[in-house]
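Reading through the C-alpha coordinates given below for one structure.
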Amino acid sequence: MSWTIMELLRNDLSRLKLEMKKRMLDESLATKAAELDAQWRATLKEVDRLRHEHNKITREVASAPKELRQSKIEEAKKLLQQLQEMEKQLDELERQREIALMALPNLVHESVPVGDESASVPIRFYGKFKVYKDDLEQFKSQLGGNQVDFELLNWKPIPHADVMEQVLKLGNTIKAGDVASSRFYYLFDDLVWLDMALLAFAIDFMTSRGFTLVLPPYMLRGSIIKSLIDFETFKDAIYKVENEDLYLISTAEHPIAALYAGETIDRSSLPIKFVGASPAFRREAGAANKDLKGIFRVHQFHKVEQFVFSDPNQSWQIHEELISNAEALFRELDLPYRVINIASGDLGACAAKKYDLEVWMPAQAKFREMVSCSNCLDWQAYRLKIRYVEKNGDKGFVHTLNSTAIATSRAITAILENYQKEDGSVEVPKALRKYLEPFSAAPRDFIRPYKLSG
RNA sequence: GCCGGGGUGCCCGAGCGGUCAAGGGGCUGGCCUGGAGAGCCAGUAGGCGAAAGCCUUCGCGGGUUCGAAUCCCGCCCCCGGCGCCA
(Lines give C-alpha, C1' and ligand atoms only; values in the text may rest on other atoms or scores of the structure.)
Protein backbone atom coordinates (compact mmCIF):
# COMPACT_ATOMS: atom_id res chain seq x y z
CA MET A 1 0.00 0.00 0.00
CA SER A 2 1.57 3.21 -1.07
CA TRP A 3 -1.01 4.84 -3.26
CA THR A 4 -0.86 8.53 -2.39
CA ILE A 5 -4.62 8.89 -2.27
CA MET A 6 -5.02 5.85 0.00
CA GLU A 7 -2.46 7.22 2.41
CA LEU A 8 -4.33 10.49 2.64
CA LEU A 9 -7.62 8.66 3.01
CA ARG A 10 -6.28 6.85 6.07
CA ASN A 11 -3.94 9.42 7.57
CA ASP A 12 -4.96 12.89 6.44
CA LEU A 13 -8.57 12.98 5.38
CA SER A 14 -8.87 16.75 5.69
CA ARG A 15 -6.05 17.22 3.18
CA LEU A 16 -7.82 14.92 0.75
CA LYS A 17 -11.03 16.89 1.17
CA LEU A 18 -9.11 20.08 0.48
CA GLU A 19 -7.85 18.59 -2.76
CA MET A 20 -11.38 17.66 -3.77
CA LYS A 21 -12.60 21.10 -2.90
CA LYS A 22 -10.05 22.56 -5.33
CA ARG A 23 -11.69 20.47 -8.01
CA MET A 24 -15.10 21.60 -6.89
CA LEU A 25 -16.11 18.04 -6.18
CA ASP A 26 -18.28 16.73 -3.40
CA GLU A 27 -16.02 16.18 -0.40
CA SER A 28 -18.43 13.72 1.15
CA LEU A 29 -17.12 11.16 -1.34
CA ALA A 30 -13.88 11.17 0.65
CA THR A 31 -15.67 10.77 3.97
CA LYS A 32 -17.67 7.91 2.57
CA ALA A 33 -14.61 6.22 1.12
CA ALA A 34 -12.77 6.55 4.43
CA GLU A 35 -15.71 5.04 6.31
CA LEU A 36 -16.04 2.16 3.91
CA ASP A 37 -12.31 1.54 4.05
CA ALA A 38 -12.33 1.41 7.85
CA GLN A 39 -15.35 -0.90 7.87
CA TRP A 40 -13.77 -3.10 5.27
CA ARG A 41 -10.56 -3.40 7.25
CA ALA A 42 -12.38 -4.28 10.44
CA THR A 43 -14.49 -6.89 8.69
CA LEU A 44 -11.46 -8.29 6.90
CA LYS A 45 -9.76 -8.74 10.25
CA GLU A 46 -12.71 -10.72 11.56
CA VAL A 47 -12.99 -12.81 8.41
CA ASP A 48 -9.29 -13.59 8.57
CA ARG A 49 -9.68 -14.71 12.15
CA LEU A 50 -12.55 -17.05 11.26
CA ARG A 51 -10.67 -18.38 8.27
CA HIS A 52 -7.70 -19.09 10.47
CA GLU A 53 -9.86 -21.07 12.88
CA HIS A 54 -11.47 -22.96 10.05
CA ASN A 55 -8.15 -23.73 8.40
CA LYS A 56 -6.80 -25.07 11.66
CA ILE A 57 -9.67 -27.50 12.17
CA THR A 58 -9.68 -28.54 8.56
CA ARG A 59 -6.00 -29.41 8.77
CA GLU A 60 -6.64 -31.46 11.88
CA VAL A 61 -9.26 -33.59 10.14
CA ALA A 62 -6.68 -35.36 8.01
CA SER A 63 -4.51 -36.44 10.92
CA ALA A 64 -7.27 -37.03 13.46
CA PRO A 65 -7.99 -40.53 14.60
CA LYS A 66 -11.09 -42.00 12.95
CA GLU A 67 -13.33 -41.63 15.97
CA LEU A 68 -12.63 -37.87 16.22
CA ARG A 69 -12.97 -37.14 12.55
CA GLN A 70 -16.71 -36.77 12.41
CA SER A 71 -16.81 -34.32 15.30
CA LYS A 72 -14.04 -32.22 13.74
CA ILE A 73 -15.96 -32.11 10.51
CA GLU A 74 -19.07 -31.01 12.33
CA GLU A 75 -17.11 -28.31 14.08
CA ALA A 76 -15.70 -27.09 10.77
CA LYS A 77 -19.15 -27.04 9.21
CA LYS A 78 -20.49 -24.86 11.98
CA LEU A 79 -17.61 -22.44 11.66
CA LEU A 80 -18.04 -22.41 7.94
CA GLN A 81 -21.58 -21.10 8.28
CA GLN A 82 -20.41 -18.20 10.39
CA LEU A 83 -17.56 -17.58 8.02
CA GLN A 84 -19.75 -17.52 4.94
CA GLU A 85 -22.05 -15.02 6.60
CA MET A 86 -19.11 -12.71 7.34
CA GLU A 87 -17.64 -13.22 3.88
CA LYS A 88 -20.87 -12.08 2.31
CA GLN A 89 -20.66 -8.88 4.31
CA LEU A 90 -17.01 -8.49 3.35
CA ASP A 91 -17.73 -8.94 -0.35
CA GLU A 92 -20.41 -6.30 -0.24
CA LEU A 93 -18.16 -3.89 1.66
CA GLU A 94 -15.31 -4.58 -0.71
CA ARG A 95 -17.52 -3.83 -3.69
CA GLN A 96 -18.72 -0.56 -2.21
CA ARG A 97 -15.24 0.40 -1.07
CA GLU A 98 -13.89 -0.22 -4.55
CA ILE A 99 -16.54 2.01 -6.10
CA ALA A 100 -15.83 4.73 -3.53
CA LEU A 101 -12.07 4.51 -4.08
CA MET A 102 -12.40 4.65 -7.83
CA ALA A 103 -14.45 7.82 -7.52
CA LEU A 104 -11.62 9.65 -5.76
CA PRO A 105 -9.70 12.06 -7.97
CA ASN A 106 -5.98 12.68 -8.00
CA LEU A 107 -4.22 15.33 -5.96
CA VAL A 108 -3.86 18.81 -7.39
CA HIS A 109 -0.31 20.04 -7.76
CA GLU A 110 0.47 23.22 -5.86
CA SER A 111 1.31 25.06 -9.09
CA VAL A 112 -2.19 24.52 -10.49
CA PRO A 113 -4.45 27.59 -10.34
CA VAL A 114 -7.49 26.91 -8.18
CA GLY A 115 -10.90 27.61 -9.64
CA ASP A 116 -13.11 26.80 -12.57
CA GLU A 117 -12.22 26.95 -16.26
CA SER A 118 -11.84 30.72 -16.14
CA ALA A 119 -9.01 30.41 -13.62
CA SER A 120 -6.77 28.61 -16.13
CA VAL A 121 -3.66 30.66 -16.78
CA PRO A 122 -1.75 31.16 -20.02
CA ILE A 123 1.89 30.74 -19.07
CA ARG A 124 3.72 31.01 -22.39
CA PHE A 125 3.15 32.39 -25.84
CA TYR A 126 5.12 31.56 -28.93
CA GLY A 127 5.17 32.87 -32.48
CA LYS A 128 3.80 35.71 -34.48
CA PHE A 129 0.03 35.70 -34.33
CA LYS A 130 -1.95 36.59 -37.44
CA VAL A 131 -4.85 38.73 -36.36
CA TYR A 132 -7.54 40.10 -38.63
CA LYS A 133 -7.94 43.80 -37.87
CA ASP A 134 -11.51 43.51 -36.60
CA ASP A 135 -10.51 40.68 -34.25
CA LEU A 136 -7.84 42.65 -32.42
CA GLU A 137 -9.83 43.25 -29.25
CA GLN A 138 -10.92 39.65 -29.06
CA PHE A 139 -7.30 38.57 -29.56
CA LYS A 140 -6.00 40.82 -26.82
CA SER A 141 -8.59 39.57 -24.38
CA GLN A 142 -7.06 36.08 -24.68
CA LEU A 143 -3.51 37.08 -23.80
CA GLY A 144 -3.89 37.24 -20.05
CA GLY A 145 -2.13 40.59 -20.06
CA ASN A 146 0.98 39.26 -21.80
CA GLN A 147 2.88 41.15 -24.50
CA VAL A 148 3.16 39.13 -27.69
CA ASP A 149 4.26 39.54 -31.26
CA PHE A 150 1.42 39.77 -33.78
CA GLU A 151 0.73 40.80 -37.34
CA LEU A 152 -2.46 42.59 -38.36
CA LEU A 153 -4.24 41.19 -41.40
CA ASN A 154 -6.48 43.41 -43.45
CA TRP A 155 -8.17 40.40 -44.99
CA LYS A 156 -10.30 37.88 -43.16
CA PRO A 157 -8.94 34.32 -43.31
CA ILE A 158 -11.46 31.66 -44.24
CA PRO A 159 -12.40 29.13 -41.54
CA HIS A 160 -10.65 25.79 -41.98
CA ALA A 161 -13.85 23.94 -42.86
CA ASP A 162 -14.63 26.27 -45.76
CA VAL A 163 -11.06 26.29 -47.06
CA MET A 164 -11.09 22.54 -47.05
CA GLU A 165 -14.51 22.02 -48.65
CA GLN A 166 -15.07 25.13 -50.77
CA VAL A 167 -11.69 26.54 -51.70
CA LEU A 168 -9.38 23.55 -51.94
CA LYS A 169 -12.17 21.00 -52.37
CA LEU A 170 -10.02 18.42 -50.59
CA GLY A 171 -12.51 17.38 -47.93
CA ASN A 172 -16.09 16.21 -47.91
CA THR A 173 -17.96 16.08 -44.64
CA ILE A 174 -21.39 16.20 -46.26
CA LYS A 175 -21.05 12.86 -48.01
CA ALA A 176 -19.29 11.42 -44.97
CA GLY A 177 -22.31 12.53 -42.96
CA ASP A 178 -24.60 10.64 -45.30
CA VAL A 179 -22.67 7.40 -45.32
CA ALA A 180 -21.29 7.41 -41.78
CA SER A 181 -22.71 10.29 -39.74
CA SER A 182 -21.73 13.77 -38.68
CA ARG A 183 -18.17 14.27 -37.42
CA PHE A 184 -16.80 11.92 -40.06
CA TYR A 185 -14.95 13.13 -43.12
CA TYR A 186 -13.37 12.23 -46.41
CA LEU A 187 -9.99 13.82 -47.06
CA PHE A 188 -8.40 13.76 -50.48
CA ASP A 189 -4.95 14.10 -52.02
CA ASP A 190 -2.94 16.92 -50.48
CA LEU A 191 -4.74 16.83 -47.14
CA VAL A 192 -4.09 13.10 -46.90
CA TRP A 193 -0.44 13.71 -47.70
CA LEU A 194 -0.46 16.36 -44.98
CA ASP A 195 -1.95 13.90 -42.50
CA MET A 196 0.75 11.35 -43.32
CA ALA A 197 3.52 13.93 -43.22
CA LEU A 198 2.39 15.16 -39.79
CA LEU A 199 2.52 11.62 -38.45
CA ALA A 200 5.96 10.98 -39.95
CA PHE A 201 7.22 14.31 -38.65
CA ALA A 202 6.05 13.68 -35.10
CA ILE A 203 7.27 10.07 -35.08
CA ASP A 204 10.65 11.10 -36.45
CA PHE A 205 10.99 13.83 -33.85
CA MET A 206 9.97 11.71 -30.87
CA THR A 207 12.01 8.65 -31.78
CA SER A 208 15.06 10.86 -32.28
CA ARG A 209 14.57 11.92 -28.66
CA GLY A 210 14.80 8.34 -27.49
CA PHE A 211 11.12 7.43 -27.27
CA THR A 212 10.31 3.83 -28.21
CA LEU A 213 7.90 3.70 -31.13
CA VAL A 214 4.82 1.59 -30.57
CA LEU A 215 1.80 0.66 -32.63
CA PRO A 216 -0.70 -0.47 -29.98
CA PRO A 217 -3.89 -2.48 -30.20
CA TYR A 218 -6.74 -0.26 -31.40
CA MET A 219 -9.21 -2.03 -29.12
CA LEU A 220 -9.10 -2.95 -25.45
CA ARG A 221 -11.07 -5.18 -23.15
CA GLY A 222 -13.76 -3.61 -21.01
CA SER A 223 -11.95 -4.39 -17.77
CA ILE A 224 -8.86 -2.51 -18.94
CA ILE A 225 -10.73 0.51 -20.26
CA LYS A 226 -12.78 0.72 -17.11
CA SER A 227 -9.71 0.80 -14.93
CA LEU A 228 -8.33 3.65 -17.04
CA ILE A 229 -11.23 6.05 -17.25
CA ASP A 230 -14.26 6.86 -15.19
CA PHE A 231 -17.77 5.93 -16.14
CA GLU A 232 -18.90 9.38 -17.28
CA THR A 233 -16.00 9.79 -19.70
CA PHE A 234 -16.50 6.22 -20.71
CA LYS A 235 -20.10 6.67 -21.76
CA ASP A 236 -19.42 9.82 -23.73
CA ALA A 237 -16.12 8.88 -25.29
CA ILE A 238 -15.90 5.21 -26.12
CA TYR A 239 -17.16 3.06 -28.98
CA LYS A 240 -18.00 -0.54 -28.18
CA VAL A 241 -17.73 -3.39 -30.62
CA GLU A 242 -21.00 -5.27 -30.83
CA ASN A 243 -21.09 -8.74 -29.30
CA GLU A 244 -17.54 -8.45 -28.07
CA ASP A 245 -16.04 -7.24 -24.83
CA LEU A 246 -13.93 -4.84 -26.88
CA TYR A 247 -13.78 -1.08 -27.08
CA LEU A 248 -12.11 1.17 -29.66
CA ILE A 249 -9.34 3.25 -28.17
CA SER A 250 -9.85 6.97 -27.86
CA THR A 251 -6.10 7.51 -27.56
CA ALA A 252 -2.93 5.42 -27.63
CA GLU A 253 -2.44 6.50 -24.01
CA HIS A 254 -4.70 3.67 -22.87
CA PRO A 255 -3.16 0.67 -24.60
CA ILE A 256 0.33 1.96 -23.76
CA ALA A 257 -0.54 2.45 -20.09
CA ALA A 258 -1.97 -1.08 -20.13
CA LEU A 259 1.25 -2.46 -21.55
CA TYR A 260 2.59 -2.78 -18.01
CA ALA A 261 -0.70 -3.56 -16.26
CA GLY A 262 -0.05 -5.82 -13.28
CA GLU A 263 3.71 -5.68 -13.75
CA THR A 264 6.58 -4.70 -11.55
CA ILE A 265 9.38 -2.70 -13.14
CA ASP A 266 12.93 -2.39 -11.84
CA ARG A 267 13.25 1.13 -10.54
CA SER A 268 16.58 1.50 -12.32
CA SER A 269 14.95 1.00 -15.72
CA LEU A 270 12.66 4.01 -15.25
CA PRO A 271 11.73 6.20 -17.01
CA ILE A 272 10.32 4.13 -19.88
CA LYS A 273 9.31 6.42 -22.72
CA PHE A 274 6.99 5.51 -25.55
CA VAL A 275 5.70 7.28 -28.58
CA GLY A 276 2.50 5.66 -29.83
CA ALA A 277 0.99 6.07 -33.27
CA SER A 278 -2.62 5.11 -33.68
CA PRO A 279 -6.03 6.19 -34.78
CA ALA A 280 -8.24 7.60 -32.06
CA PHE A 281 -11.97 6.95 -31.98
CA ARG A 282 -14.24 9.21 -29.99
CA ARG A 283 -17.98 9.34 -29.67
CA GLU A 284 -17.96 13.01 -28.63
CA ALA A 285 -21.40 12.35 -27.17
CA GLY A 286 -21.01 15.14 -24.62
CA ALA A 287 -19.98 17.72 -27.20
CA ALA A 288 -23.55 18.52 -28.29
CA ASN A 289 -23.40 20.85 -31.27
CA LYS A 290 -19.89 22.12 -30.66
CA ASP A 291 -17.58 22.33 -33.66
CA LEU A 292 -19.89 20.46 -35.98
CA LYS A 293 -18.32 22.00 -39.05
CA GLY A 294 -15.06 20.77 -40.43
CA ILE A 295 -12.60 18.36 -38.88
CA PHE A 296 -11.71 20.00 -35.58
CA ARG A 297 -13.85 17.69 -33.43
CA VAL A 298 -14.31 14.34 -35.15
CA HIS A 299 -15.01 10.70 -34.35
CA GLN A 300 -11.80 9.44 -35.86
CA PHE A 301 -8.32 10.87 -36.34
CA HIS A 302 -4.68 9.92 -36.18
CA LYS A 303 -2.56 10.71 -33.22
CA VAL A 304 1.03 10.48 -32.13
CA GLU A 305 1.16 10.25 -28.37
CA GLN A 306 3.91 10.54 -25.79
CA PHE A 307 3.65 8.23 -22.80
CA VAL A 308 6.08 7.77 -19.91
CA PHE A 309 6.31 5.38 -16.98
CA SER A 310 8.32 7.42 -14.51
CA ASP A 311 10.10 7.23 -11.21
CA PRO A 312 7.96 9.17 -8.70
CA ASN A 313 10.88 11.49 -8.01
CA GLN A 314 11.20 12.43 -11.64
CA SER A 315 7.68 12.85 -12.88
CA TRP A 316 7.44 16.63 -12.56
CA GLN A 317 10.62 17.05 -14.51
CA ILE A 318 9.29 14.70 -17.17
CA HIS A 319 6.01 16.57 -17.30
CA GLU A 320 7.96 19.68 -18.33
CA GLU A 321 9.91 17.61 -20.81
CA LEU A 322 6.72 16.33 -22.46
CA ILE A 323 5.19 19.75 -22.89
CA SER A 324 8.46 21.08 -24.23
CA ASN A 325 8.56 18.24 -26.77
CA ALA A 326 5.08 19.18 -27.91
CA GLU A 327 6.05 22.82 -28.05
CA ALA A 328 9.13 22.01 -30.10
CA LEU A 329 6.92 20.25 -32.64
CA PHE A 330 4.62 23.26 -32.99
CA ARG A 331 7.58 25.62 -33.17
CA GLU A 332 9.05 23.60 -36.00
CA LEU A 333 5.67 23.74 -37.68
CA ASP A 334 5.75 27.45 -36.96
CA LEU A 335 2.22 27.47 -35.58
CA PRO A 336 1.78 30.24 -33.00
CA TYR A 337 0.48 28.95 -29.70
CA ARG A 338 -0.01 29.53 -26.03
CA VAL A 339 0.43 27.04 -23.20
CA ILE A 340 -2.25 26.98 -20.55
CA ASN A 341 -1.90 25.77 -17.00
CA ILE A 342 -5.34 24.22 -16.60
CA ALA A 343 -7.26 25.20 -13.48
CA SER A 344 -8.07 22.66 -10.77
CA GLY A 345 -11.79 22.61 -11.54
CA ASP A 346 -11.18 21.73 -15.17
CA LEU A 347 -8.72 18.88 -14.60
CA GLY A 348 -9.69 15.32 -15.40
CA ALA A 349 -9.86 13.04 -12.37
CA CYS A 350 -6.57 11.37 -13.27
CA ALA A 351 -4.40 14.46 -13.77
CA ALA A 352 -2.60 16.27 -10.97
CA LYS A 353 -1.60 18.95 -13.43
CA LYS A 354 -2.36 19.52 -17.06
CA TYR A 355 -0.95 21.78 -19.71
CA ASP A 356 -2.88 22.43 -22.86
CA LEU A 357 -1.14 23.75 -25.94
CA GLU A 358 -3.52 25.91 -27.92
CA VAL A 359 -2.81 27.18 -31.42
CA TRP A 360 -4.11 30.55 -32.51
CA MET A 361 -6.74 30.16 -35.22
CA PRO A 362 -6.83 33.35 -37.30
CA ALA A 363 -10.22 32.69 -38.88
CA GLN A 364 -11.95 31.90 -35.59
CA ALA A 365 -10.00 34.48 -33.59
CA LYS A 366 -9.58 31.88 -30.89
CA PHE A 367 -6.92 29.68 -29.38
CA ARG A 368 -7.84 26.05 -29.91
CA GLU A 369 -6.52 22.99 -28.10
CA MET A 370 -4.00 20.89 -30.00
CA VAL A 371 -2.16 19.16 -27.18
CA SER A 372 -3.01 18.01 -23.70
CA CYS A 373 -0.16 17.07 -21.38
CA SER A 374 -0.88 15.45 -18.01
CA ASN A 375 0.97 14.08 -15.03
CA CYS A 376 -1.19 11.38 -13.44
CA LEU A 377 1.25 10.65 -10.59
CA ASP A 378 0.41 7.20 -9.21
CA TRP A 379 -3.34 7.49 -9.82
CA GLN A 380 -3.40 5.49 -13.05
CA ALA A 381 -0.62 3.14 -11.88
CA TYR A 382 -2.63 2.21 -8.76
CA ARG A 383 -5.61 1.23 -10.87
CA LEU A 384 -3.50 -0.76 -13.31
CA LYS A 385 -1.24 -2.12 -10.52
CA ILE A 386 1.98 -0.96 -12.14
CA ARG A 387 4.71 -1.06 -9.54
CA TYR A 388 8.41 -0.42 -9.38
CA VAL A 389 10.81 -2.37 -7.24
CA GLU A 390 14.14 -1.19 -5.86
CA LYS A 391 17.26 -3.28 -5.45
CA ASN A 392 16.53 -3.67 -1.75
CA GLY A 393 13.02 -4.94 -2.50
CA ASP A 394 11.09 -1.79 -1.60
CA LYS A 395 8.09 -1.25 -3.82
CA GLY A 396 5.83 1.55 -4.92
CA PHE A 397 3.60 2.61 -7.75
CA VAL A 398 5.19 4.25 -10.78
CA HIS A 399 4.04 7.59 -12.08
CA THR A 400 2.49 7.85 -15.53
CA LEU A 401 2.41 10.82 -17.85
CA ASN A 402 0.91 11.40 -21.23
CA SER A 403 0.89 14.10 -23.82
CA THR A 404 -0.24 14.52 -27.35
CA ALA A 405 2.59 14.99 -29.82
CA ILE A 406 0.42 15.61 -32.86
CA ALA A 407 -3.27 14.96 -33.47
CA THR A 408 -3.54 15.09 -37.24
CA SER A 409 -7.03 16.43 -37.88
CA ARG A 410 -6.54 19.31 -35.45
CA ALA A 411 -3.06 20.11 -36.70
CA ILE A 412 -4.49 20.24 -40.23
CA THR A 413 -7.12 22.77 -39.16
CA ALA A 414 -4.36 24.89 -37.64
CA ILE A 415 -2.31 24.71 -40.84
CA LEU A 416 -5.32 25.54 -43.01
CA GLU A 417 -5.89 28.74 -41.09
CA ASN A 418 -2.35 29.84 -40.27
CA TYR A 419 -0.73 29.00 -43.59
CA GLN A 420 -3.59 30.39 -45.62
CA LYS A 421 -2.75 33.11 -48.15
CA GLU A 422 -5.06 35.85 -49.27
CA ASP A 423 -5.88 33.96 -52.50
CA GLY A 424 -6.98 30.94 -50.48
CA SER A 425 -3.94 28.80 -51.22
CA VAL A 426 -2.28 27.09 -48.28
CA GLU A 427 1.46 26.90 -47.90
CA VAL A 428 2.99 23.59 -46.83
CA PRO A 429 4.91 24.04 -43.55
CA LYS A 430 8.63 23.79 -44.23
CA ALA A 431 9.09 21.21 -41.47
CA LEU A 432 6.80 18.81 -43.33
CA ARG A 433 8.34 19.08 -46.77
CA LYS A 434 11.03 16.47 -46.33
CA TYR A 435 8.36 13.92 -45.42
CA LEU A 436 6.46 14.70 -48.62
CA GLU A 437 9.45 14.67 -50.95
CA PRO A 438 9.58 10.90 -51.55
CA PHE A 439 6.09 10.96 -53.06
CA SER A 440 5.75 12.26 -56.58
CA ALA A 441 2.11 13.24 -56.17
CA ALA A 442 2.51 14.94 -52.80
CA PRO A 443 2.41 18.76 -52.59
CA ARG A 444 5.76 20.56 -52.55
CA ASP A 445 5.23 24.13 -51.39
CA PHE A 446 1.60 25.12 -51.81
CA ILE A 447 -1.83 23.55 -51.83
CA ARG A 448 -3.72 25.53 -54.48
CA PRO A 449 -7.39 26.48 -54.61
CA TYR A 450 -9.46 24.12 -56.72
CA LYS A 451 -10.29 26.49 -59.55
CA LEU A 452 -6.70 27.56 -60.08
CA SER A 453 -5.20 24.09 -59.97
CA GLY A 454 -7.84 22.77 -62.37
C1' G B 1 -14.91 -21.67 -36.29
C1' C B 2 -13.90 -27.17 -35.26
C1' C B 3 -10.74 -31.19 -33.00
C1' G B 4 -6.66 -32.25 -29.75
C1' G B 5 -2.83 -30.65 -25.98
C1' G B 6 -1.75 -26.98 -22.42
C1' G B 7 -1.69 -22.42 -18.68
C1' U B 8 1.72 -23.78 -11.38
C1' G B 9 5.90 -18.43 -8.09
C1' C B 10 10.98 -13.89 -11.66
C1' C B 11 12.08 -18.45 -15.13
C1' C B 12 12.02 -23.92 -15.85
C1' G B 13 9.35 -27.76 -13.70
C1' A B 14 6.89 -31.76 -10.26
C1' G B 15 2.31 -32.34 -7.81
C1' C B 16 -3.71 -34.45 -10.14
C1' G B 17 -8.57 -34.53 -3.01
C1' G B 18 -5.68 -33.79 3.15
C1' U B 19 0.18 -31.21 7.06
C1' C B 20 4.35 -25.55 4.91
C1' A B 21 2.93 -25.95 -3.51
C1' A B 22 8.74 -30.81 -4.33
C1' G B 23 13.26 -29.83 -7.09
C1' G B 24 16.35 -26.78 -10.13
C1' G B 25 17.83 -22.01 -12.24
C1' G B 26 18.01 -16.65 -11.97
C1' C B 27 18.14 -12.21 -9.15
C1' U B 28 19.01 -9.43 -4.28
C1' G B 29 21.26 -9.29 0.52
C1' G B 30 24.52 -11.63 4.21
C1' C B 31 28.66 -15.01 5.67
C1' C B 32 33.27 -16.63 3.60
C1' U B 33 37.22 -14.65 0.17
C1' G B 34 42.57 -10.90 -2.37
C1' G B 35 37.99 -11.03 -5.25
C1' A B 36 29.92 -9.93 -7.23
C1' G B 37 34.67 -17.47 -8.42
C1' A B 38 33.18 -21.93 -5.43
C1' G B 39 30.52 -22.96 -0.97
C1' C B 40 26.91 -21.80 2.94
C1' C B 41 22.51 -18.91 4.84
C1' A B 42 18.32 -15.76 3.99
C1' G B 43 14.97 -13.11 0.84
C1' U B 44 12.51 -12.85 -3.99
C1' A B 45 3.16 -12.61 -5.38
C1' G B 46 -0.94 -9.54 -2.98
C1' G B 47 -3.68 -7.87 1.48
C1' C B 48 -4.57 -6.76 6.91
C1' G B 49 -1.46 -5.49 11.08
C1' A B 50 2.88 -1.03 15.09
C1' A B 51 4.73 -5.91 15.39
C1' A B 52 4.40 -11.00 16.15
C1' G B 53 1.59 -13.07 12.98
C1' C B 54 -2.55 -14.23 10.02
C1' C B 55 -5.30 -14.36 5.45
C1' U B 56 -5.39 -14.75 0.20
C1' U B 57 -2.83 -16.56 -4.23
C1' C B 58 -1.50 -22.51 -8.85
C1' G B 59 -4.88 -18.23 -16.19
C1' C B 60 -10.06 -15.74 -14.67
C1' G B 61 -15.06 -16.59 -12.57
C1' G B 62 -18.55 -19.96 -10.44
C1' G B 63 -19.69 -24.98 -8.21
C1' U B 64 -18.92 -29.83 -5.27
C1' U B 65 -16.32 -30.90 -0.29
C1' C B 66 -14.91 -30.32 6.59
C1' G B 67 -10.75 -29.65 2.99
C1' A B 68 -9.50 -28.09 -4.34
C1' A B 69 -3.41 -26.64 -7.92
C1' U B 70 -5.90 -31.49 -8.00
C1' C B 71 -12.98 -33.04 -9.41
C1' C B 72 -17.32 -30.37 -12.27
C1' C B 73 -19.29 -25.94 -15.30
C1' G B 74 -18.43 -21.22 -18.00
C1' C B 75 -14.83 -17.76 -19.92
C1' C B 76 -9.81 -15.92 -21.43
C1' C B 77 -5.11 -17.00 -23.39
C1' C B 78 -1.05 -20.21 -25.61
C1' C B 79 0.63 -24.56 -28.77
C1' G B 80 -0.50 -28.33 -32.78
C1' G B 81 -3.87 -29.94 -36.73
C1' C B 82 -8.19 -28.91 -39.99
C1' G B 83 -11.33 -25.17 -42.16
C1' C B 84 -11.99 -20.01 -43.69
C1' C B 85 -9.61 -15.56 -45.28
C1' A B 86 -6.89 -9.97 -46.65
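The sequence lines fix the lettering, A, B, ..., with proteins before strands; numbering per chain opens at 1.
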Checklist entry - Does a salt bridge link A:D91 with A:K88, judged by any charged N lying under 4.0 Å from a carboxylate O? => result no
Next on the checklist: Check this for me: does any side-chain nitrogen of one of A:E165 and A:K169 sit under 4.0 Å from a carboxylate oxygen of the other?
Outcome noted: no
Among [options], find the nucleotide with the atom closest to the side chain of [X].
X      : options                : result
A:H52  : B:rC66, B:rC55, B:rG47 : B:rC55
A:R59  : B:rC55, B:rC66, B:rC48 : B:rC55
A:K391 : B:rU56, B:rU28, B:rC54 : B:rU28
A:A62  : B:rG18, B:rG46, B:rG67 : B:rG18

Expressed as a whole number of angstroms, how long is the span from [X]:[atom1] to [N]:[atom2]?
X      : N      : atom1 : atom2 : result
A:Q70  : B:rG18 : CD    : C1'   : 15 Å
A:R221 : B:rG59 : CZ    : P     : 16 Å
A:H54  : B:rU65 : NE2   : P     : 12 Å
A:D48  : B:rA52 : CG    : P     : 16 Å
A:E46  : B:rG47 : CD    : P     : 22 Å
A:R97  : B:rC48 : CZ    : C1'   : 10 Å
A:R51  : B:rG47 : CZ    : C1'   : 10 Å
A:M86  : B:rC55 : CE    : P     : 16 Å

Rounding to an integer number of angstrom, what distance separates [N] and [M] when you compare their [atom1] atoms?
N      : M      : atom1 : result
B:rC3  : B:rG83 : P     : 16 Å
B:rG24 : B:rG43 : P     : 15 Å
B:rC16 : B:rA21 : P     : 15 Å
B:rG9  : B:rC20 : C1'   : 15 Å
B:rC76 : B:rG67 : P     : 29 Å
B:rA68 : B:rC58 : P     : 11 Å
B:rG74 : B:rG25 : P     : 41 Å
B:rG5  : B:rC12 : P     : 22 Å

Checklist entry - So with a 6.0 Å cut-off around NZ of A:K385, is the heavy-atom count from everything else above 12? => result yes
Checklist entry - Counting heavy atoms not belonging to A:K21, are there more than 12 under 6.0 Å from its NZ? => result no
Can you tell me the pairing partner of [N] across any strand shown, Watson-Crick or G-U wobble, with both distances under 3.5 angstrom?
N      : answer
B:rG23 : B:rC12
B:rC2  : B:rG81
B:rC58 : none
B:rU70 : none
B:rC32 : none
B:rA86 : none

Next on the checklist: As an exercise, state the distance from CZ of A:R41 to CG of A:L90, rounded to the nearest 0.5 Å.
Outcome noted: 13.5 Å
Checklist entry - More 5' along RNA chain B: A:L80 or A:K45, using each one's nearest nucleotide? => result A:K45
Item to check | Residue pair A:Q306 / A:N402, side-chain donor-acceptor N/O under 3.5 Å | outcome: no
Item to check | No-hydrogen, no-angle side-chain donor-acceptor test under 3.5 Å, A:D26 and A:S28 | outcome: yes
Side-chain N or O of [X] closer than 4.0 Å to phosphate OP1/OP2 of [N]:
X      : N      : result
A:R387 : B:rA45 : no
A:N55  : B:rC55 : yes
A:K77  : B:rG67 : no
A:R41  : B:rG49 : yes

Next on the checklist: Once you apply a heavy-atom cut-off of 4.0 Å, does A:K395 come out as touching a base, just sugar-phosphate, or nothing?
Outcome noted: sugar-phosphate
